[in-house]
Amino acid sequence: MDEARIHGLIDDARSGCYSRREILKRGAALGLSAPAMAALVMGVVPVKALAQGAENPLGVDPAAPLDVVIFKGGFGDEYAINVNENLYGKLYPNAKITYAGIQRLGEQLQPRFVAGEPPDVIDNSGAGNLDNASLVAEGQLADLADLMAAPAYDTEGKTFAESLAPGSQDTGVYNGTQYLLNWALTVYGVWYNDAFMKERGYTYPKTWDEMMTLSEEIKGSGVAPWVTTGVHPQYVRQFVFDQMLWKHDPQALVNIDNLEADAWKAPAVADVLEALYMLTDKGYFLQGWEGLDHTQSQNEWLQGKAVFIPVGTWLENEMKGSIPPGFEMVVAPTPSLPGDKIPFEGILASAGEPFIVPAQGKNVQGGKEWLRLLFSKEGGRFFSENTKSLSVVQGSAEGLELGTAFASAQAALQAAGENTFIGRYQDWYKDLADEAKAQMASMLQKQASIEEFQDAVQEMADTVKDDESIPKYQREL
Amino acid sequence: MHHHKYRLIIPFLLPAALLYGVFVVWPYAQAIYVSLTSWRGVSANRPFVGLDNYQRLWEDDRFLEALSRNGQLLIVLPLVTIAIALTFAALFTQGGQAIRGAAFYRIVFFFPQIIPAVIVGILWSYVYTPNIGLLNGILGGVGLDGLKRSWLTDPTTVLWAIVAVAIWSSVGFYMVIFIASMQSIPTSFYEAAVLDGATRWSSFKDITLPLIWESIRTSVIYLAIAALDFFILVIVVSGGSTTMGATRAEVAALYLYNQAFDKNRWGYASAIGVVLLLLTLLLSVIIMRATRRETYQF
């Protein structure tokens, strides 16, 4: 590239004498990359930022300070400190990194966003985080397209996007733009104690009919077949209902996400609700389940009072210290219903722990670079060893021996292949997910019929759809 | 000479007025302004929407339902709390006819008041836990298994289970207030009444009640304000703002909290706050007017 012409262009852009369109046209003629162009139009970026290359594909200013804020929750924050010290800090030794590992990010970061002084990269997760949909709607997040297209840090020959688990970043897309990057790969399914199952000679049922037969047998032996948390009924709503509905008819779940007319009254929804209703009708839930919170229900399960429990892969980390010796926790997909369109192996999986780069940050490209380094094989492997959880980086957990739960989640993902999915309505339309959650509790406590469930939730879906103040999103199968 | 007076008053008044202005008046004014916007709370962008939020509120079934729970509390909480507190106060004090061990009971019944509300809430959430909780344990122990339930998620019991906690924790406080005003009534009044053949009940009704009316009146206002709020106990006893129990016992202040912190509708939440403020003021005035009586001097 002709450096003198670039410098001329930068000066002209800063002078403010030329229209944005004119500057863009001249920049394109010089073959500048998208981030460089964006920086150019902003007219505030130092010349160094344009020094892109294989080593620095995002054009990071090596001396610009970086402000990192991480949710320090179930995963701790050692994996993030590792990036600060061993990756970003080594590549850009002149950049001063300001770091904070905190909880309840909303309360602490809200004033900074309102004042226009947000950090450069944030792990916006955990209870009391900032609402991502609102941040998107307010234009507070940087478009991550250039990062997605940049070369991966340590996966040869692949772009950053290609180096991550397929579909794992879909939930970070709002109306076609990638704003969030999901870090931890979570598998949601039905958990059981493999040692107990083997001892009794049981195998995990692949169909709902077999599940009912086995549940009857288990109940007869004086143990509750199922337990879940009634205090947080979104567990059964998402991990069982969503999963079974998607496998039964994927389009039905997509229609729900898209607020299609009468999506909740579809026959597929009724099929799944009828199956779930059997659990309560035949008394397969542990007595008192409706009053148990998530850790209480998990404790009952660990004590062997119930056999099956729907949870996500954080289970082992959450309950460590309460797991009896010899307990072999493993996860499996929900059993199949007759006429399912997705095979049994299909499993609800999503990437969570979303990271964001605020648009108003002082070092936007640095924030993206920090993410490129975290989302690397090196960063992912450190995370898995440190937390016994999977990251979205493909191949980063190869060869790690981390116990039955970790192994079974990996095997389940392997078996599922392309057949992984996650519903979006709980992120997009909280009012709708709330109503579905409450109605799920009512139905499983026999206070609402299947039809009443469908009517009430559909009514809320219509209310949300008609409410112009709620931003709407669309997805495709 | 007047300006000399002000020269003294103003320096004394100014710091307090300043603090009051910054920490009370200004936030109120801000909340009222925010209630006229659709602020999402994550940027400086606060689009002005006029009275839209108030109109939505008027048509919001979930808000009206929450408010109706406050309405039920408004009746039950003052009535039951004051009835129990008065009974205890009378038993432990009235006209020197206090029951045996009164001093001991007075102290014990005041205990819950010195425990912070959050601790009270957490303790009771354990009492109500279905499988290992004290309440179901006792019910099972005395053979009343049929009454066992998940108190904090059952839609018919959750609100009242939490109300019971509120009453338990506040009875002691009102009892002490009533005891204090009862003790200021000269015992000679009761002695005279007994000579005239008054029963224990009639001396309570005709001597005690009228003479402690001012305390009762104040208590009703306190409890009414508590009933209009009732946020802390619901959120703590039920285990969190979005738990099933909290949903089924959702009061207006909790709805406000969820709209702001869970749904990021800060403008709407502020409108709820303003409505609650007006309701509280209105209610105080009504109660003051309705309970106004001639005060007796003695």
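Below, chain A is the first sequence line, B the second, and so on; all start at residue 1.
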- Task: Look only at the side chain of A:Gln445 and the backbone of B:Asp154, and say whether a donor-acceptor pair between them is shorter than 3.5 Å.
- Result: no
- Note on the structure: So, the part of A:Glu300 with a heavy atom under 4.5 Å from chain B: the answer is side chain
- Message: Show, in sequence, the C-alpha distance, side-chain angles and deciding distance for A:Lys437 and B:Thr242, and conclude whether the side-chain contact (heavy atoms from CB on, under 4.5 Å) test is met.
- Response: CA-CA 10 Å; A:Lys437 170 184 93 172; B:Thr242 56; 4.0 Å; yes
- Message: Can you tell me which portion of A:Gln447 sits under 4.5 Å from chain B's heavy atoms? Options are side chain, backbone, both or neither.
- Response: side chain
- Task: Check each atom of B:Arg149 against the heavy atoms of chain A and say whether the ones under 4.5 Å are side chain, backbone, both or neither.
- Result: neither
- Item | With sequence neighbours excluded, residues passing salt bridge (charged side-chain N to carboxylate O under 4.0 Å, His left out) with A:Lys219 | none
- Contact origin within A:Ile470 toward chain B - heavy atom pairs under 4.5 Å: side chain
- Query: In terms of heavy-atom pairs under 4.5 Å, which option from B:Leu152, B:Asn258, B:Asp262 contacts chain A the most?
  - Reply: B:Asp262
- Message: Would you say that more than 12 heavy atoms from the other residues, nucleotides or ligands in this model lie under 6.0 Å from the CD1 of B:Ile232, or not?
- Response: no
- Task: Might you confirm whether atom CD of A:Glu451 has over 12 heavy atoms from other residues, nucleotides or ligands at distances under 6.0 Å?
- Result: no
- Message: Can you confirm whether A:Asp434 sits close enough to B:Lys263 that some side-chain heavy atom of one is under 4.5 Å from a side-chain heavy atom of the other?
- Response: yes
- Quick one: which residues of residues 131-141 of chain A reach chain B at under 4.5 angstrom, heavy atoms only? A:Asp131, A:Ser134, A:Leu135, A:Ala137, A:Glu138, A:Gln140
- Query: Taking everything shown except B:Trp160 itself, do over 12 heavy atoms lie less than 6.0 Å from its CH2?
  - Reply: yes
- Determine whether more than 12 heavy atoms belonging to other residues, nucleotides or ligands lie under 6.0 Å from atom CD of B:Glu59. yes
- Among all residues two or more places apart in sequence or in another chain, which pass the side chain to side chain contact (heavy atoms under 4.5 Å, CB included) test with A:Arg104? A:Glu107, A:Ala127, B:Tyr257
- Message: Can you give me the closest heavy-atom contact between A:Gly288 and B:Pro130, atom names plus distance?
- Response: O-CG, 3.4 Å
- Taking atom OH of B:Tyr222 as the centre, report whether more than 12 heavy atoms of other residues, nucleotides or ligands fall under 6.0 Å from it. no
- Query: Non-hydrogen atoms of chain B under 4.5 Å away: do they reach the side chain of A:Ser442, the backbone, both or neither?
  - Reply: both
- What part of B:Asn136 gets closer than 4.5 Å to chain A, counting heavy atoms only: side chain, backbone, both or neither? neither
- Which one of B:Pro155, B:Gly239, B:Gly245 has the most heavy-atom pairs closer than 4.5 Å to chain A? B:Pro155
- Message: Taking side chain as everything from C-beta outward and backbone as N, CA, C, O, which of these in A:Asn129 sits under 4.5 Å from a heavy atom of chain B? Side chain, backbone, both or neither.
- Response: neither
- B:Arg248 and A:Ala438 have their tightest heavy-atom pair at NH2-O, 4.2 Å
- Task: Mark yes when over 12 heavy atoms from residues, nucleotides or ligands other than B:Ile132 sit less than 6.0 Å from its CD1; otherwise mark no.
- Result: no
- Task: Please indicate whether B:Gln55 has more than 12 foreign heavy atoms, meaning atoms of other residues, nucleotides or ligands, lying under 6.0 Å from its CD.
- Result: no
- Message: With a 4.5 angstrom heavy-atom cut-off, is it the side chain or the backbone of B:Arg265 that approaches chain A, or both, or neither?
- Response: side chain
- Are A:Val114 and B:Ser43 side-chain neighbours, meaning at least one heavy-atom pair lies under 4.5 Å? no
- Query: Are A:Trp289 and B:Thr153 close enough that some pair of their side-chain heavy atoms sits under 4.5 Å apart?
  - Reply: no
- Message: A quick test of your reading: do over 12 heavy atoms of other residues, nucleotides or ligands sit less than 6.0 Å from CD of A:Gln426?
- Response: yes
- Min side-chain heavy-atom separation B:Arg56-A:Asp467 under 4.5 Å: yes
- Answer with side chain, backbone, both or neither: which region of B:Thr129 has an atom nearer than 4.5 Å to a non-hydrogen atom of chain A? side chain
- Residues passing the side chain to side chain contact (heavy atoms under 4.5 Å, CB included) test with A:Thr295, sequence neighbours excluded, are A:Asp293, A:Gln298, A:Glu318, A:Met319
